[in-house]
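The structure appears below as structure tokens.
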Amino acid sequence: MQDVREALYVGSRSDGTLIRRPMSPHLQVYKMRLSMFLSISNRITGVAATAGSALGVVWLTALAKGPKSFAAARKVTGNPLGQVILAGWIISLVWHTVGGLRHFIWDAGKRYDKKELNEDGPVAVGVIAGVGVVLAGALLCVSGCRAHRRSKARKAS
Amino acid sequence: MNAPVSQHRDVMRSQLGRARGLGSGHSGTGHWIAERVSAATLLPLSGWFVVQMFRLGGDDYEEVAKWGGRPLNATMLTALVISSFYHAEVGLQVIVDDYVHGKAHVPAKFAVRFGTGILGVLGVVAVLKLALGRSAPKA
């Protein structure tokens, strides 16, 4: 027995012979619904946000190490691929935060009926898309512009 | 009484398996609360961090290092790092519980704890070095 959970699948027929009881319907028999997609994506964005935070710690470590490693870290964050990763991190965080806020509402016993869930799903998607894109765009633009101005000022001096 | 003994013994063993690995471990509620509390903690801390990044993004080393060295910023950063990786640990553990079965389960849980723990400590040490480790700037 590889998994103790297998024990739950052992059943016996009325004649005493042992059988493996059937599993309940699994993922593949369900039609993908928005609530299902949002639930799964909340986990995926949680993992993505963790990966991004790991990179954030790498950034903090580079800052603590000194000017040279900080300059290397800035090369990564200023790179187009780095900018895409940063945007992905920000959007994952927004996504996971919106999902988490919905969980708080459900934990309080509110908006947990089927009708309400289906009403709130599209709203959540709108909030994620709006806040995520605006926040990522604004943050990357502000940072990029400031970095540009700083490097110009340094060259001029 | 009439049923063959050996088969009943098999059923008995399944029951033991059930008792060993299934049912409430009486630690689920605490885990659930830890997930919620750390999430609630992260809301203001991440909000603070986003505002700081708007003020700081694109700045040069000197400004950023000075920012990280201020006591209030270092405190907020430490709190942010700790609650982030605590929340990540609690959340990733649930994912491992749900999807990683069999022999890989225990190593996967160790990997989650070790990975998030080390990253959290690394972040805290980096912040402490920024706050305490730099020589005082020349006036």
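Quick note on labels: first sequence line is chain A, next is B, and so on, each numbered from 1.
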Turns out that what part of B:Val127 lies under 4.5 Å from chain A's heavy atoms comes down to side chain
Bottom line for A:Leu101: the part with an atom under 4.5 Å from chain B's heavy atoms is side chain
Rounded to the nearest 0.5 Å, the CD atom of A:Gln83 sits from the OG atom of A:Ser143 at a distance of 8.0 Å
Under 4.5 Å to a heavy atom of chain B? For A:Ala73 that would be neither
Pair count under 4.5 Å, heavy atoms only, with chain B: among A:Leu139, A:Val142, A:Leu140, A:Val47, highest is A:Leu139
Under 4.5 Å to a heavy atom of chain A? For B:Val64 that would be both
To the nearest 0.5 Å, atom CG of B:Leu77 lies from atom CH2 of B:Trp67 at 4.0 Å
Residues pairing under ring pair (Phe, Tyr, Trp, His ring centres under 6.0 Å) where one sits in residues 73-96 of chain A, two or more places apart or in two chains, turn out to be none
Bottom line for A:Phe104: the part with an atom under 4.5 Å from chain B's heavy atoms is side chain
Most heavy-atom pairs under 4.5 Å with chain B, out of A:Pro67, A:Gly78, A:Ala147, belong to A:Pro67
Looking only at A:Ser53, A:Gly144, A:Gly11, A:Gly100, most heavy-atom pairs under 4.5 Å shared with chain B are made by A:Ser53
Can a donor-acceptor pair be found, under 3.5 Å and without considering hydrogens, that links the side chain of A:Asp113 to the backbone of A:Lys115? no
Does the pair A:Glu116/A:Lys110 count as a salt bridge with the N-to-O cut at 4.0 Å? no
Got a salt bridge between B:Lys66 and B:Glu62, using NZ or NE/NH1/NH2 to carboxylate O under 4.0 Å? no
With chain A, the option among B:Ile95, B:Leu92, B:Leu128 that has the most non-hydrogen atom pairs under 4.5 Å is B:Ile95
Counting heavy-atom pairs under 4.5 Å with chain A, the top scorer among B:Thr116, B:Val81, B:Asp98 is B:Asp98
Max heavy-atom pairs within cutoff under 4.5 Å with chain B, candidates A:Thr77, A:Ile90, A:Leu60, A:Val58, goes to A:Leu60
| query | Quick one: are B:Ser46 and A:Leu93 in side-chain contact, heavy atoms under 4.5 Å? | reply | no
Looking only at A:Gly66, A:Cys145, A:Ala71, the option with the highest number of non-hydrogen pairs under 4.5 Å against chain B is A:Gly66
If one checks every heavy atom of B:Leu42 against chain A at 4.5 Å, the contacting part turns out to be neither
Turns out that what part of A:Thr61 lies under 4.5 Å from chain B's heavy atoms comes down to both
The complete set of salt bridge (Lys or Arg N to Asp or Glu O under 4.0 Å) pairs with one or both residues in residues 148-157 of chain A, sequence neighbours excluded, reads A:Arg150-B:Asp59, A:Arg150-B:Glu63, A:Arg154-B:Asp60
If you tally heavy-atom pairs under 4.5 Å between each of A:Arg146, A:Arg43, A:His103 and chain B, the highest tally belongs to A:Arg146
Dump the intermediate steps for side chain to side chain contact (heavy atoms under 4.5 Å, CB included) on A:Trp59 and A:Val76, then the final yes or no.
CA-CA 10 Å; A:Trp59 176 82; A:Val76 175; over 6 Å; no
Closest heavy-atom pair, A:Ala54 versus B:Leu119, reported as atoms and distance to 0.1 Å, is CB-CD1, 3.7 Å
